[in-house]
Amino acid sequence: SANVTVPVYNPDVRINKTANVTSTNVGDLVNFTINVKNNGIMDATGVVIVDTIDESAFEVVSASEGFTKDGNKLIWNIGHLLNNESRDVWIVVRTLTNGTFVNIAAVNCTQEPKVKESNATVSVHDPELSVIKVALEDVVYSGNSTSFRIVITNDGDIELNGLFVNEIIPEGLIYDTYIGPNWTNDGNMFYYSGSLGVGESVELIVVFNTTVSGNFTNDIIVG
């Protein structure tokens, strides 16, 4: 009799992609990290990571060294991974538009040609507000009070919090009081303690005393 021994190995290169945020705003940066690990009982060679960028949603700002670019794909030729060895690569992108986007990374190697994928999902929002300010009296006598109504509307796609109004008060007007639930006042700053849902509006009335005659423009900053 004669025997021959053939070792049979089970290659197992795994990939995991994560994002540093799950929700962000248009124009912000997102950092994607891709980890590959050789969980098999043999060395892996020819290891290649491919990350596919949705260029309608993301603009690549920077990435870890050693990549090449093929269209909208970033490619890292990792080469050799020992048993139980892992490697990380990363990508920083700027968000371009709102929506929910799935970013996919893939890995394969010589011993395991089957492509394995991992993805990270990021929801990108576009917060937006508008403001209308009107004088409740067109004409007042010097020494009387005058009031302004401020209406803030959430025109974006995400709930807004921490709303504030900065009153830039001209000479000739002296702040007296305000009217509006959930508002607080500190000097010429007004803070809204509630939240403003998509499409909702909130109102604030600010009252001033007049000290001299003339035409006055009362500006505000809202954020």
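Here the structure is a predicted model, which means the values were calculated and not measured.
In the model, His125 has a side-chain atom that pairs as donor or acceptor with a side-chain atom of Ser23 under 3.5 Å. A donor-acceptor pair shorter than 3.5 Å can be found between the side chains of Thr45 and Gln111. With no hydrogens or angles considered, a side-chain donor-acceptor pair links Asp155 and Ser130 at under 3.5 Å. Under the 3.5 Å distance criterion, with hydrogens and angles disregarded, no donor-acceptor pair is assigned to the side chains of Glu159 and Asn154. With 3.5 Å as the limit, one finds no donor-acceptor pair spanning the side chains of Asn25 and Asp126. Side-chain contact annotation: Asp54 with Ser56, donor-acceptor N/O pair under 3.5 Å present.
Put simply, the side chain of Thr153 does not reach to within 4.5 Å of the side chain of Leu129, judged on heavy atoms. Counting only heavy atoms from C-beta outward, the side chains of Phe67 and Asn77 never approach each other to under 4.5 Å. Residues Ile34 and Asp88 have side chains not in contact (no heavy-atom distance under 4.5 Å, counting atoms from C-beta outward). In this structure, the side chains of Val30 and Asn20 come closer than 4.5 Å at one or more pairs of heavy atoms. The side-chain heavy atoms of Asn16 and Thr18, taken from C-beta on, include a pair separated by under 4.5 Å. Under the 4.5 Å side-chain criterion, counting only non-hydrogen atoms from C-beta, Val13 is not in contact with Asn108. Ile75 places a side-chain heavy atom less than 4.5 Å from the side chain of Val48.
Minimum interatomic distance between Leu74 and Lys69 (heavy atoms only, all atoms of both residues): CD1-CE, 4.1 Å. Val151 approaches Ser201 most closely through the heavy-atom pair CG1-CB, 4.1 Å. Of all the heavy atoms in Asp51 and Ala105, the pair that sits closest is OD2-CB, 3.5 Å. Minimum interatomic distance between Glu171 and Phe216 (heavy atoms only, all atoms of both residues): O-CE2, 3.1 Å. What you find for Ala19 and Ala120 is that their closest heavy atoms are N-CB, 4.1 Å. Of all non-hydrogen atoms in Val26 and Asn98, the two that sit nearest each other are CG2-N, 3.6 Å.
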Exercise. What do the steps show when you test Leu81 against Val36 for side-chain contact (heavy atoms from CB on, under 4.5 Å), and what is the final call?
Worked result: CA-CA 9 Å; Leu81 276 183; Val36 293; 4.1 Å; yes

For this session: Check the pair Asp219 / Thr217 against side-chain contact (heavy atoms from CB on, under 4.5 Å), numbers first and verdict last.
Result: CA-CA 6 Å; Asp219 293 323; Thr217 300; 3.6 Å; yes

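Between Glu112 and Arg14, no side-chain nitrogen of the basic residue sits less than 4.0 Å from a carboxylate oxygen of the acidic one, so the salt-bridge criterion is not met. For the pair Arg149 and Glu203, the salt-bridge criterion is met [side-chain N within less than 4.0 Å of a carboxylate O]. Checked for salt-bridge contact, Lys116 and Asp12 meet the test: a charged N lies under 4.0 Å from a carboxylate O.
The hydrophobic clustering, which links ILVMFWY residues whose side-chain heavy atoms are closer than 4.5 Å, places Ile152 and Val207 apart. Residues Trp90 and Val93 do not share a hydrophobic cluster, clusters being chains of Ile/Leu/Val/Met/Phe/Trp/Tyr side chains in contact below 4.5 Å. Val107 and Met42 are not part of a single hydrophobic cluster, where members link through side-chain heavy atoms under 4.5 Å apart. Val89 and Val60 fall within a single hydrophobic cluster, where Ile, Leu, Val, Met, Phe, Trp and Tyr side chains are chained together by heavy-atom contacts under 4.5 Å. There is no path of hydrophobic side-chain contacts, each under 4.5 Å, that joins Ile205 to Val222.
Separating the OH atom in Tyr191 from the OG1 atom in Thr184 is a distance of 7.5 Å, to the nearest 0.5 Å. Rounded to the nearest 0.5 angstrom, Lys73 NZ and Ile49 CD1 are separated by 14.5 Å. Atom CG of Asn185 is separated from atom OH of Tyr178 by 6.5 Å, given to the nearest 0.5 angstrom. For the atom pair NE2 (His80) and CZ (Arg87), the distance works out to 10.5 Å, reported to the nearest 0.5 Å. Rounded to the nearest 0.5 angstrom, Ile15 CD1 and Ser86 OG are separated by 12.5 Å. To the nearest 0.5 Å, atoms CD (Glu85) and CG (Asn39) are separated by 12.0 Å.
With hydrogens and angles ignored, the 3.5 Å screen pairs no side-chain donor or acceptor of Asn209 with any backbone N or O of Leu173. Side-chain atoms of Trp76 come within 3.5 Å of backbone atoms of Ser64 as a donor-acceptor pair (strictly under, hydrogens ignored). Between the Thr95 side chain and the Asp28 main chain, a donor and an acceptor come within less than 3.5 Å of each other. Between the side chain of Asn72 and the backbone N or O of Ile53 there is at least one donor-acceptor pair closer than 3.5 Å. A side-chain donor-acceptor contact under 3.5 Å links Asn38 to the backbone of Leu82. Side chain of Asn161 to main chain of Leu163: no donor-acceptor pair is present (N/O by atom type, distance under 3.5 Å, no hydrogens or angles). In this structure a side-chain-to-backbone donor-acceptor pair under 3.5 Å is present from Asn218 to Ile168. The closest donor-acceptor contact from the side chain of Glu117 to the backbone of Ile104 lies at 3.5 Å or more, if one exists at all.
For the ring-ring contact (aromatic ring centres under 6.0 Å, His included) test with Phe190, the passing option among Trp183, Phe148, Tyr175 is Tyr175; the others fail. Screening Ile150, Ile169, Asn166 for a side-chain contact (heavy atoms from CB on, under 4.5 Å) with Ile220, the sole residue that qualifies is Ile150.
In this structure, the ring of Phe58 has its center less than 6.0 angstrom from the ring center of Phe101.
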Sequence neighbours excluded and cut-off under 3.5 Å, please list the side-chain donor-acceptor pairs for residues 134-145, or say none.
residue: Glu137; atom: OE1; partner: Thr146; partner atom: OG1; Å: 3.1
residue: Glu137; atom: OE1; partner: Ser147; partner atom: N; Å: 2.8
residue: Ser142; atom: OG; partner: Thr211; partner atom: O; Å: 3.4

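Remark: Glu128 engages no residue in a salt bridge (charged side-chain N to carboxylate O under 4.0 Å, His left out) (not counting sequence neighbours).
Shown here is Ile132, whose CD1 atom has no more than 12 heavy atoms of other residues, nucleotides or ligands within 6.0 Å.
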